[in-house]
Protein chains: 2
Amino acid sequence: MTSAPKRTRTSKTGTPTGTEIVARTSVGLRDVAKAAGVSTATVSRAINKPDIVSEELRLRIEAVIEHLGWVPDAAARALSTRRSGAVGAVFPTLTHGDFARTATILQHELLAEGFTLLLACSEYDPEQELRQVRKFVERGVDGIVLVGNEHLPELEKLLSRQKVPSINTFVYNQATHGRSIGPDNRKALFDVTNYLISLGHRRIGVIWQSVANNDRAAERLAGVSDALSAHGLSAWPYQIAKELSSIGEARTLLRRMMSTDSPPTAIICGNSYHAVGAELEALAMGLSIPGDVSIIGYDDIEIMSELPVPISTVRVPSDQIGTRAASHILARILGREEDTQFECKPELVLRASTAPPRSPQA
Amino acid sequence: MTSAPKRTRTSKTGTPTGTEIVARTSVGLRDVAKAAGVSTATVSRAINKPDIVSEELRLRIEAVIEHLGWVPDAAARALSTRRSGAVGAVFPTLTHGDFARTATILQHELLAEGFTLLLACSEYDPEQELRQVRKFVERGVDGIVLVGNEHLPELEKLLSRQKVPSINTFVYNQATHGRSIGPDNRKALFDVTNYLISLGHRRIGVIWQSVANNDRAAERLAGVSDALSAHGLSAWPYQIAKELSSIGEARTLLRRMMSTDSPPTAIICGNSYHAVGAELEALAMGLSIPGDVSIIGYDDIEIMSELPVPISTVRVPSDQIGTRAASHILARILGREEDTQFECKPELVLRASTAPPRSPQA
DNA sequence: CGCAGCCATGTAAACGCTTGCATCGGCCGG
DNA sequence: CCGGCCGATGCAAGCGTTTACATGGCTGCG
């Protein structure tokens with residue numbers, strides 16, 4: 001006798017009235033189980049830990065899944081496991097080669113471990129960074145990758161409150177407490193500046209990007225400053241660019257800088273685009289590089305080495321940052337503790353654009 | 001004996017033994033409700049449709065949320081609403097300015113409507129594209145943005161089966177049926193080639209990237225071919241680069257090309273990096289541009305206009321692609337139907353690198 | 001030959017929200 | 001003064017998985 005089954009769930013949309021609802025929600029685990037003649041638990045196990053399910057059932061289940069075109073629902077899974085299998089990353093921008101490369105590597109490494117990378121960019125706006133991180137936390141990411149050491153206090157609070165492992169990239173600074181992976185920005189430009197000084201330069205110009213909301217650039221600028229003042233060189237002609245990486249603007253700034261009474265004999269640029277702009281304009285002005293002026297940049301893009309005068313620069317190991325960040329965050333997710341800081345040593349790449357000044361200076 | 005109460009939910013982690021479990025699951029909607037002395041339904045409504053809840057309660061609830069630091073669980077919400085509030089986008093790479101820019105705009109536009117952009121890259125590998133899309137579908141994205149018209153059949157099947165609205169970007173092709181937003185690649189290079197022909201060029205060289213898994217590049221190459229054969233020009237010296245956008249490799253190819261008996265008087269390059277490499281090498285060889293050889297590229301990056309001889313190119317309106325793609329996918333999500341195709345007209349940017357050949361040819 | 005133990009499987013509760021429906025006071029018009 | 005209606009709130013049933021625990025059939029050893 002068919003006693004009314006106490007169906008808790010309705011999977012067949014059994015409308016007693018004749019109105020068959022068409023908008024069927026796509027197949028679910030339940031449907032697979034039914035079609036395969038097993039319980040939902042078994043299906044779940046078949047896909048999550050295939051080895052504890054009998055060969056026969058596993059194959060049958062796989063066939064059914066394939067046939068029904070079932071796609072597991074990550075939301076349901078996340079809800080159930082309290083694990084999302086996702087890691088969030090917020091970069092200031094993606095139109096910058098280093099960040100894009102790090103993001104790509106990161107995604108690659110995470111994917112290999114079964115994690116998804118959720119990517120967003122803050123456009124150098126701390127508020128937006130916070131907003132993006134919040135979205136990620138809502139989505140239950142298991143870890144977060146950030147850029148830089150400075151974040152809004154709400155962000156720090158959010159992360160610690162929710163106990164989401166996070167890591168700051170593109171920075172390394174003994175002084176700060178947070179976990180970080182990247183170059184020691186300050187030291188990098190300290191070294192660059194000392195290199196120029198050791199070549200004999202005394203009038204050293206600087207073309208730099210804005211350091212607002214950019215602790216990396218600020219640190220580097222501080223490095224320049226450190227080295228200069230260590231040699232009693234305090235005042236130097238310098239220009240801050242409005243745009244982040246505009247070749248055109250760098251040209252304008254260089255021209256202005258070289259048109260003064262006693263132009264610098266060397267110029268340090270905040271990034272590769274500035275350096276490229278500086279070189280192009282200097283050449284257009286008929287100056288010789290490095291004869292009249294040495295130029296050095298920061299970070300390396302292909303064009304730097306292909307221009308008529310290849311430009312010296314600092315190469316940031318963004319690939320390494322990606323792999324280290326990935327392994328760090330994965331380790332933390334899996335409960336292992338990791339070194340809190342890791343320095344990715346940048347490489348000083350010397351090319352033809354830097355040389356001793358033509359005539360020794362006071 | 002203390003009869004076990006039939007607690008459905010454990011929110012207080014009431015371990016009868018003295019061992020207080022510390023790993024408290026972070027605060028939930030339930031805790032907020034309790035603290036505010038209202039039902040969970042009211043809290044839910046207070047945050048989702050604030051206007052149907054009394055002012056007083058709303059304020060009280062907001063205060064409690066703030067105080068408890070509650071972050072709603074997107075997974076639970078998604079499970080419940082069958083809406084994720086996320087849109088996925090898979091680009092071939094992010095290290096390419098156009099894609100990065102489109103992604104940024106896309107994120108921006110979606111955010112404004114309360115949607116999150118999930119970003120991934122396929123590294124020009126259809127398999128990986130499929131994998132990423134599958135991940136997105138599992139995560140329940142409400143829409144998907146892709147690049148190009150050609151995808152694995154499984155991908156198409158997956159999307160149609162799960163009824164996920166999707167849009168192909170960076171392509172526009174009357175012939176194909178799919179929805180797409182972008183430039184008409186074939187026509188763009190048909191026009192470029194005709195322009196060179198109209199200048200009087202007859203020996204036109206081509207430096208191109210591989211067209212494997214890149215229907216956009218393939219279409220553009222076809223456009224070149226169309227125009228040439230329309231003028232009875234069938235054979236032309238051409239070189240396919242191994243790397244996608246290597247200035248260095250382009251230099252090699254150009255040198256090889258210009259070292260033949262009858263070198264081309266004009267060269268069409270598959271992208272801006274090829275064009276930059278071509279110019280730099282030509283200049284290094286002592287050739288004059290456009291005197292000895294005209295050069296034209298595809299897509300516009302700042303360096304193109306800053307080199308000693310500014311390079312003619314085609315500007316792809318990647319911003320527009322981003323905004324259109326966003327509004328299209330949002331419209332589809334909200335149930336509105338949209339135009340299935342939209343052409344983002346590319347702009348032919350003529351600079352100093354193109355001119356009639358020095359001496360008229362046969 | 002019997003029972004402990006083990007393996008493969010099933011049962012059902014729980015994950016943290018949303019939302020249809022029930023409920024409960026007013027308030028307004030008759 | 002009363003009934004109906006409406007707006008605000010509470011109740012509880014899901015949403016689609018996972019997983020602790022129960023079950024039941026075997027195996028192997030005493």
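No experiment lies behind these values; they were computed from the predicted model shown. Because only heavy atoms are used, hydrogens play no part in the values below, and waters and symmetry mates are left out as well, while side chains stay in. Order of the sequence lines sets the chain letters (A, B, ...), proteins ahead of strands, with each chain counted from 1.
Residue B/Asp31 contributes atom CG, which lies 9 Å from atom P of C/dG16 at whole-angstrom precision. Distance B/Arg77 CZ to C/dT18 C1': 9 Å, rounded to the nearest Å. A/Arg83 places its CZ atom 16 Å from the C1' atom of D/dT17, with the value rounded to the nearest Å. In this structure, A/Leu29 places its CG atom 17 Å from P of C/dA13, rounding to the nearest Å. Straight-line distance from the CG atom of A/Asp73 to the C1' atom of D/dG16: 6 Å, rounded to whole Å.
With distances taken from any side-chain atom of A/Arg82 to the nucleotides D/dG16, D/dT17, C/dC15, the minimum falls on C/dC15.
A/Glu55 and A/Arg58 are joined by a salt bridge, as a carboxylate oxygen and a charged side-chain nitrogen come within less than 4.0 angstrom of each other.
For the residue pair A/Val141 and A/Val164, the shortest heavy atom distance occurs at O-CG1, 4.0 Å. Listed here is the closest heavy atom pair of B/Ala36 and B/Ile61: CB-CG1, 4.2 Å.
A/Thr102 has its side chain out of reach of A/Val147: every pair of non-hydrogen atoms, C-beta onward, lies at least 4.5 Å apart. Side-chain contact between B/Ser84 and A/Arg139 is present, with at least one heavy-atom pair separated by less than 4.5 Å. At least one side-chain heavy atom of B/Val137 sits under 4.5 Å from a side-chain heavy atom of B/Leu159. Contact annotation: the side chain of A/Val38 approaches that of A/Val43 to within less than 4.5 Å [non-hydrogen atoms, C-beta and beyond].
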Using a cutoff of under 3.5 Å, can you pull out all pairs of nitrogen or oxygen atoms linking the protein to nucleotides 25-28 of chain D, with atom names and distances?
none

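Residue pairs meeting the ring-ring contact (aromatic ring centres under 6.0 Å, His included) criterion with at least one member in residues 66-93 of chain B, sequence neighbours excluded: B/Phe91-B/Phe99.
Among residues two or more places apart in sequence or in another chain, the ring pair (Phe, Tyr, Trp, His ring centres under 6.0 Å) test is passed with B/Phe115 by none. Applying the salt bridge (Lys or Arg N to Asp or Glu O under 4.0 Å) test to B/Glu113 and every residue at least two apart in sequence or in another chain returns nothing.
Note that the two end axes of the helix from C/dC1-D/dG30 to C/dG30-D/dC1 enclose an angle of 50°, each drawn from 5 base pairs, rounded to 10 degrees.
Screening B/Arg179, B/His151, B/Gln341 against B/Asn168 for a side chain to side chain donor-acceptor pair (under 3.5 Å) leaves a single residue, B/His151.
Of all the residues in residues 38-62 of chain A, A/Val38, A/Ser39, A/Thr40, A/Ala41, A/Thr42, A/Arg45, A/Val53, A/Ser54, A/Leu57 reach under 4.0 Å from DNA chain C with at least one non-hydrogen atom.
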